[in-house]
Structures are given as structure tokens and as C-alpha cells.
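Numbering of ligands and ligand atoms starts at 1, following listing order. What you see is a predicted model; the values in this text were computed from it and never measured.
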Amino acid sequence: MKIRPMEASDLEAAMEIDALCLAVPWTAGIWRTELESPLGLHLVAEEEGWILGQIGVKSILDELHITTIAIRPEHRRAGVARTLFEAVLDEFPKAREVYLEVRPSNEGARNFYSSLGFRETGRRPRYYGDEDAILMTSSLRR
Ligand SMILES: CC(C)(COP(=O)(O)OP(=O)(O)OC[C@H]1O[C@@H](n2cnc3c(N)ncnc32)[C@H](O)[C@@H]1OP(=O)(O)O)[C@@H](O)C(=O)NCCC(=O)NCCS
């Protein structure tokens, strides 16, 4: 498996994966805006030309915000998301804190983040419109 920066030509695969994985997938317009953001980094995991999943982050000073992460259902529990997350951290050696929002109903993702050392540190009321968000944070000691 290879981890590399997402390119515009990966957009179709990324949107297909989002549609399989997320309650409210990003539109092509949101993806393009995010990919053009100077604060953003988007990585894909690729195997034999097949995109297995992706991660997106925004970097603001010493904070990283995970904006998206999704792995094809048939490739889960094989360490793909963990590998993507670790690759992001390698790109931002000065980051001291990582945070993200997750749906309370998304137990799989909450367990995934907990396994990486994230803790629940807040709640954003009606963040998703139909649901609050749990704010999860990890302090990086390195
Ligand atoms: C959450 C998600 C990204 C995890 O991807 P993944 O590649 O399967 O995760 P990994 O294989 O790297 O998991 C690492 C560890 O996290 C934990 N974990 C991951 N998924 C889990 C699940 N569904 N239930 C419980 N623990 C889980 C485990 O401790 C796992 O280690 P193990 O498999 O050795 O037990 C994936 O399930 C996904 O794409 N979900 C749909 C999209 C989504 O919800 N994104 C997050 C929005 S906030």
C-alpha cells in the first residue's frame, strides 16, 4: 500500500468512497475548495492503482483539524486509516494538538479515534443539523 497526496484525478474515486462511507458526502465543489486550500493536506492510500481511502486535514498554527477520513468498507480493520493518520502526523512535525468532530452515533469512528489516543473534549450542538458533534482531541507529545 502506498500513501501519496491526493490529486484532482482522484476526485472521482474519493467521491465514490465518500458516498459509500459518509452520511453527508462532500460535493465536488466542497472537495475542490478543500483541495485548493493552502491550509489543507489530503492523502490517499492506494494499492495497485486502486484508492482504498483518504484523509483530509487543515493545519492552523500548531493545531491539526481532521476534516475527513473514509476507507472503503471491504478494506476496513486492516490499518489503512491508522496508516493515513500517521502519514499526516509525519507531514506536520510541529503540530501539538489534533482535533475532529464525530457523530455520537458513529461508534466505529469513535472507537477508531480512541484507539489513536483521542479523548472526548466537548460537544458542538446540532453541528450536523440532525445531530450534535462530539469534539475529540489528542495532544501530541513529541
Ligand atoms: C473509521 C474508519 C475511518 C476506520 O478505518 P479503518 O481503516 O478500518 O481503521 P484501522 O484499521 O486503521 O483501525 C485501527 C484501530 O481502530 C479501532 N477501530 C477501527 N474501526 C473500528 C470499529 N468499527 N469498531 C471498533 N474499533 C475500531 C481498532 O482498535 C483498530 O485496530 P484493530 O483493527 O487492530 O482492532 C472507517 O471505519 C470508515 O471509513 N468509516 C466510515 C467513515 C467515517 O465514519 N469517517 C469518520 C467520520 S468522523
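- Using a 4.0 Å cut-off between heavy atoms, N106 contacts ligand 1 through its side chain alone, with no backbone atom that close.
- The shortest contact between atom 26 (N) of ligand 1 and any protein heavy atom is with N111 CB, 3.4 Å.
- By the 4.0 Å N-to-carboxylate-O rule, K94 lies too far from D62 to be salt-bridged with it.
- In this structure, the ring of Y99 has its center no less than 6.0 angstrom from the ring center of Y113.
- Note that the CG atom of D10 and the CD atom of E46 stand 7.0 Å from one another [nearest 0.5 Å].
- Ranking the protein heavy atoms by distance from atom 41 (C) of ligand 1 puts R76 NH2, 3.4 Å first.
- The distance criterion of under 3.5 Å between nitrogen or oxygen atoms is met by R77 with respect to ligand 1.
- Atom CD of E12 is surrounded by 12 or fewer heavy atoms from other residues, nucleotides or ligands within 6.0 Å.
- Checked by distance only, ligand 1 and C21 stay at 3.5 Å or farther apart across all their nitrogen or oxygen atoms.
- For the pair R82 and F112, the NZ or CZ position fails the cation-pi test of under 6.0 Å to the six-membered ring centre and within 45 degrees of the ring normal.
- With a heavy-atom cut-off of 4.0 Å, L116 does not touch ligand 1 at all.
- Against a heavy-atom cut-off of under 4.0 Å, A70 is close to the following atoms of ligand 1: 39 (O).
- Summarising the contacts of atom 17 (C) of ligand 1 with F112, Y113, F85, the nearest heavy atom is found in F112.
- Proximity of atom 12 (O) of ligand 1 to the protein is indicated by at least one non-hydrogen atom lying closer than 4.0 angstrom.
- For E47 and H75, the side-chain atoms include no donor-acceptor pair closer than 3.5 Å.
- With a 4.0 Å cut-off on non-hydrogen atoms, A81 touches ligand 1 through its backbone as well as its side chain.
- Counting protein heavy atoms only, atom 1 (C) of ligand 1 is closest to A109 CA, 3.7 Å.
- Of the polar atoms of A78, at least one N or O is found under 3.5 Å from an N or O of ligand 1, judged by distance alone.
- Between I69 and ligand 1, at least one pair of N/O atoms sits closer than 3.5 Å.
- A heavy-atom distance below 4.5 Å is not found between the side chains of M136 and T121.
- Interface atoms of ligand 1 facing E101, defined by a heavy-atom separation under 4.0 Å, are 48 (S).
- Close approach of ligand 1 to L22 is summarised as follows: ligand atoms under 4.0 Å from at least one heavy atom of the residue are 42 (C), 43 (C), 45 (N).
- Between E131 and S105, the side chains place a donor N or O and an acceptor N or O closer than 3.5 Å (distance only, hydrogens not considered).
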Self-check item: CA sep, side-chain torsions, deciding dist, call: E97, T137, side-chain contact (heavy atoms from CB on, under 4.5 Å)
Solution: CA-CA 7 Å; E97 189 163 276; T137 309; 3.4 Å; yes
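- By the neighbour-count criterion of 12 heavy atoms within 6.0 Å, atom CD of E74 is densely surrounded, having more than that number from other residues, nucleotides or ligands.
- Residue I71 has at least one N or O atom closer than 3.5 Å to an N or O atom of ligand 1.
- If you check each of G108, A133, A45 against atom 23 (N) of ligand 1, the one with the closest non-hydrogen atom is G108.
- The distance criterion of under 3.5 Å between nitrogen or oxygen atoms is met by R82 with respect to ligand 1.
- Judged by the 6.0 Å distance and 45° axis criteria, R72 is positioned over the aromatic ring of W50.
- Shown in contact with G79 at under 4.0 Å from a heavy atom are these atoms of ligand 1, numbered in order with element: 10 (P), 11 (O), 12 (O).
- By the criterion of a heavy-atom distance under 4.0 Å, neither the backbone nor the side chain of R103 is placed next to ligand 1.
- Remark: minimum distance from atom 29 (O) of ligand 1 to any protein heavy atom is reached at S115 CB, 3.5 Å.
- Of the residues listed (D18, L100, V57), the one engaging T68 in a side chain to side chain contact (heavy atoms under 4.5 Å, CB included) is D18, and it is the only one.
- Once rounded to the nearest 0.5 Å, the distance linking CG of L39 with CG of L64 reads 11.0 Å.
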